[in-house]
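What follows is a single structure, written as structure tokens, with notes after it.
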Amino acid sequence: MCVIVGFTQKTRGREEVLACLDRAYTRGPDMARVAETASGWLGFRRLSIMGLDERGMQPFALGPDQVVCNGELYGWRRQRAELEQRGYTFRSGSDCELLLPMYREYGLDMFARLDAEFALILYDGEADEYVAARDPIGIRPLFYGCDPDGGILFASEAKQLVGLCEQILPFPPGHYWYRGRFVRYADPARPGLSRSDDMDSSMVCAIAARLLGKPIRTFAIGMDTDAIDLKYARKAAQFIGADHTEVTITRDDVIAALPKVVAALGTWDITTIRASVGMYLCCKAIREATDIRVLLTGEISDELFGYKYTDFAPSPAAFQTEAEKRVEELYMYDVLRADRCISGLSMEARVPFGDLDFVEYVMSVDPALKVNRCGKGKYLLRRAFQSDALLPDEILWREKAAFSDAVGHSMVDDLKEYARAQYSDLAFTRGCAQYQYRPPFTRESLLYRDLFERYYPGQARMIKDFWMPNRAWEGCNVDDPSARALKNYGASGF
């Protein structure tokens, strides 16, 4: 991961830009640079993954144009060769050096040509204009706000803009911003308009191991009392011949991590915070014990193929509508969780299920084939890989458990118990009443909202709503986002 900032006016000085960068230091601990434009500033903090020497340091410049990008451009070597044939030369081994030549060649149409996860801010020196853009799913973060003294401020994380902008908003995925307006260039949730649990992660690991042809390193986390997934992760790792590490955590670890997790996430959503505690502690263990800097994760599979609650979808059309909603909102929930937990510990994520061609293909499949008509969630995905023998059937076909549950039911129970101890009945009632936007409705949700407001005062509208099952569906009108609240949870907890 890296950190980017863009100030479209010079109402603030270089030191303020650098301070804005440093608020997200863990995303880019290796090197920092602030560059002046004719009208404003661009800033960059680097986590060196590609083009490791200083020639890969940003901002990149081409004549009067400059760009900063937190991203991974897939297929960039082919695109680079094409640009070299057009007369461009390159100094570094960084994929992001292609961006300015692409802008010269294709203008704002360049974004539809990118197979990438990215957030960028580009300065057009000839026009003295700024362009900002974000990948179609929102895998890489970007936020913006108005500077009270004029102009727009862009930054990788919301915490960088706290105190600088009255209102901080997430940059919409699949859009670019130019001359004060947002333009949608891609919508993978609706093909035709444009181009995490243990089973999903196990599938990613199994494919990676087969492609590499050598053992990979895998990690799993669980509570010390009732970890559900550790035994299954162990079996999957043994099957694919992985170098496997188990991380065990306690109630004290969970409670101690909670403020750090909320501060890193910038959300008050219940299920996002629950799932993030385990992921953050797993990433922390990896960071402390290894030199690994890039992790593969299983996010986005559920949104494409279904959750436990989508078993209750009243029709294929309803399933499809729900999938579109979830894909569009990924950047506020699962993708946000993976990015902040991993980047907060100076590592970087890759999300194979977020491949744009794959997302568009799955979203174009007849939803009648994706609804649960076989008594097994995500049947289509499981069936697609059955003949490859990538995983033992015990893993491939087991009932899914949401990550926060799979770490151990006791983790969520511990969080609820801790929250109950923080508020009397009167304090709970008064606490909920002070929040007009998406008010908390349990002591746990109030605890998370209070922590959020400590770090992001007045910025609750960055998140659209609580992640919950579709309460309009029969069987889904529950008051807790955990799959444990659903009657079809069944064998998921064993």
Quick one: does L295's side chain get under 4.5 Å of C283's, heavy atoms only?
-> yes
Judged by modelled atom types alone, do Y74 and E117 share a side-chain donor-acceptor pair under 3.5 Å?
-> yes
So with a 6.0 Å cut-off around NZ of K159, is the heavy-atom count from everything else above 12?
-> yes
Does CD belonging to E166 count more than 12 external heavy atoms closer than 6.0 Å?
-> no
Any side-chain heavy atom of V407 within less than 4.5 Å of one from I249?
-> yes
Distance only, no hydrogens: is a donor on one side chain within 3.5 Å (strictly under) of an acceptor on the other, for R337 and T272?
-> no
Exactly one of F182, Y331, F118, W177 clears ring-ring contact (aromatic ring centres under 6.0 Å, His included) with F171, and that residue is F182
Indicate whether the side chain of E322 and that of Y309 have a donor and an acceptor atom separated by less than 3.5 Å.
-> yes
Distance under 6.0 Å and angle within 45° of the ring axis: does R113 meet both against Y106?
-> yes
Between Y435 and W268, is the ring centre distance below 6.0 Å?
-> no
Under a 4.0 Å N-O cut-off, is there an ion pair linking E157 with R23?
-> no
Is the shortest side-chain N to carboxylate O distance from R77 to D95 below 4.0 Å?
-> no
Considering residues, nucleotides and ligands other than R461, do more than 12 of their heavy atoms fall under 6.0 Å from its CZ?
-> no
Output yes when R45 and D30 qualify as a salt bridge under the 4.0 Å nitrogen-oxygen rule, no when they do not.
-> no
More than 12 heavy atoms of other residues, nucleotides or ligands under 6.0 Å from CZ of R91: is that the case?
-> no
Between S301 and D200, a side-chain donor and acceptor under 3.5 Å = yes
Step by step, work out the side chain to side chain contact (heavy atoms under 4.5 Å, CB included) result for C96 and F60.
-> CA-CA 8 Å; C96 293; F60 288 115; 4.0 Å; yes
With a 3.5 Å cut-off and no angle check, do the side chains of S39 and Y130 form a donor-acceptor pair?
-> yes
Does K416 pair with D480 as a salt bridge, N-O distance under 4.0 Å?
-> yes
Mind telling me whether F305 and F353 have parallel, tilted or perpendicular rings, with 30° and 60° as the class edges?
-> perpendicular
Report yes or no: do E299 and T297 form a side-chain donor-acceptor pair below 3.5 Å?
-> yes
Verdict with supporting geometry, E84 and R86, side chain to side chain contact (heavy atoms under 4.5 Å, CB included) | CA-CA 5 Å; E84 286 175 332; R86 298 187 182 206; over 6 Å; no
Taking side chain as C-beta onward, heavy atoms only, is M363 less than 4.5 Å from P188?
-> no
Tell me yes or no: between the side chains of Y88 and E105, is some donor less than 3.5 Å from an acceptor?
-> yes
Is the charged tip of R443 near the ring of Y423: under 6.0 Å from the six-membered ring centre and within 45° of its axis?
-> no
If you count the non-hydrogen atoms of other residues, nucleotides and ligands that lie under 6.0 Å from CZ in R181, is the total more than 12?
-> no
When you check the gap from the basic side-chain N to the acidic O, do R293 and E348 get nearer than 4.0 Å?
-> no
Side chains of D355 and Y361, donor plus acceptor under 3.5 Å | no
Cationic N near anionic O, under 4.0 Å, D147 to K10 | no
Is the Y307-W467 ring centre distance short of 6.0 angstrom?
-> yes
Would you call D465 and R438 a salt bridge, taking side-chain N to carboxylate O under 4.0 Å as the test?
-> yes
Greater than 12 external heavy atoms within 6.0 Å of R430's CZ | no
